[in-house]
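Encoded as structure tokens, the structure appears first; notes follow it.
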Amino acid sequence: VQLVESGGGLVQAGGSLRLSCVVSGTMTLIQNMAWYRQAPGKQRELVAQITKGINTHYEDSVKGRFTISVDNAKKTMYLQMDSLKLEDTAVYYCNGPRGTYSWGQGTQVIVSS
């Protein structure tokens, strides 16, 4: 399985971004996947995950602001990020719920004041 993240960028606080994760390889259906992020000087943390293709879970700091979704026709997972805060600045990655696959390059999100 190969994972390619995109959609990051520089955004002002309060703004929105939509991240994409294109999945290729042996995964035929995206059902159990997650978004992670790693801020400078911090450990990678799980931000949002989807299980069985429909159940979603969010880290407390992003609840109500981030939405994880999947489009299996495009083999793509998304992370809609609204009301962005300075502390959302990080490199964002997609992977299985336990980091099952090789990590991609990630996509950088920078939130400015």
Side-chain angles (χ1 to χ4, degrees):
V1 173
Q2 292 77 45
L3 306 168
V4 178
E5 303 93 346
S6 65
L10 175 64
V11 63
Q12 285 192 323
S16 298
L17 283 174
R18 188 176 79 157
L19 306 184
S20 299
C21 169
V22 177
V23 178
S24 61
T26 57
M27 189 186 298
T28 53
L29 272 181
I30 301 173
Q31 291 194 299
N32 301 297
M33 286 287 287
W35 282 98
Y36 301 78
R37 67 186 178 189
Q38 187 166 19
K42 295 188 177 180
Q43 288 191 332
R44 188 175 290 161
E45 63 174 352
L46 188 146
V47 173
Q49 71 178 61
I50 189 164
T51 56
K52 299 182 180 180
I54 55 172
N55 300 317
T56 57
H57 170 80
Y58 299 93
E59 194 267 330
D60 285 347
S61 69
V62 307
K63 279 181 182 176
R65 301 188 298 119
F66 290 11
T67 305
I68 188 172
S69 63
V70 168
D71 183 342
N72 272 303
K74 297 181 179 179
K75 294 192 74 175
T76 302
M77 180 174 70
Y78 301 99
L79 185 68
Q80 177 67 40
M81 307 189 297
D82 298 317
S83 303
L84 282 161
K85 302 178 179 180
L86 297 178
E87 52 264 41
D88 295 319
T89 294
V91 179
Y92 284 72
Y93 303 86
C94 57
N95 210 313
R98 288 172 292 278
T100 309
Y101 310 109
S102 296
W103 293 94
Q105 298 283 344
T107 186
Q108 174 82 57
V109 172
I110 300 174
V111 184
S112 66
S113 58

Please answer: with hydrophobic residues joined when any side-chain heavy atoms are less than 4.5 Å apart, are [X] and [Y] in the same cluster?
{"X": "F66", "Y": "V11", "answer": "yes"}
{"X": "V23", "Y": "I54", "answer": "no"}
{"X": "M77", "Y": "M27", "answer": "yes"}
{"X": "Y58", "Y": "V111", "answer": "yes"}

Find the distance between [atom1] ([X]) and [atom2] ([Y]) and round it off to the nearest 0.5 Å.
{"X": "T76", "Y": "D71", "atom1": "OG1", "atom2": "CG", "value": "6.5 Å"}
{"X": "I110", "Y": "L84", "atom1": "CD1", "atom2": "CG", "value": "12.5 Å"}
{"X": "R37", "Y": "M81", "atom1": "CZ", "atom2": "CE", "value": "9.0 Å"}
{"X": "W35", "Y": "I50", "atom1": "CH2", "atom2": "CD1", "value": "12.0 Å"}
{"X": "S113", "Y": "L86", "atom1": "OG", "atom2": "CG", "value": "5.5 Å"}
{"X": "Q80", "Y": "L19", "atom1": "CD", "atom2": "CG", "value": "8.5 Å"}

State, with a plain yes or no, whether a side-chain heavy atom of T51 is found less than 4.5 Å away from one of H57.
no

Under 6.0 Å from the CD atom of E87, do we count more than 12 heavy atoms belonging to anything else shown?
yes

Check against salt bridge (charged side-chain N to carboxylate O under 4.0 Å, His left out), D60 and K63:
CA-CA 5 Å; D60 285 347; K63 279 181 182 176; 3.1 Å; yes

Least distance between heavy atoms, [X] atom then [Y] atom:
{"X": "P40", "Y": "T89", "value": "CD-O, 4.3 Å"}
{"X": "L3", "Y": "M33", "value": "CD2-CE, 3.8 Å"}
{"X": "I30", "Y": "K75", "value": "CD1-C, 3.5 Å"}
{"X": "A48", "Y": "L79", "value": "CB-CD1, 4.1 Å"}
{"X": "D88", "Y": "V109", "value": "O-CG1, 4.3 Å"}
{"X": "Q108", "Y": "V91", "value": "OE1-CG2, 3.4 Å"}

Between S16 and D82, does any side-chain donor sit less than 3.5 Å from a side-chain acceptor?
yes

Qualifying ring pair (Phe, Tyr, Trp, His ring centres under 6.0 Å) pairs, either residue in residues 75-113, two or more places apart
Y36-W103, Y93-W103

Under 3.5 Å, is there a donor-acceptor pair between the side chain of N95 and the main chain of T100?
yes

Is the side chain of E5 donor-acceptor paired with the backbone N or O of G106 at a distance under 3.5 Å, no angle test?
yes

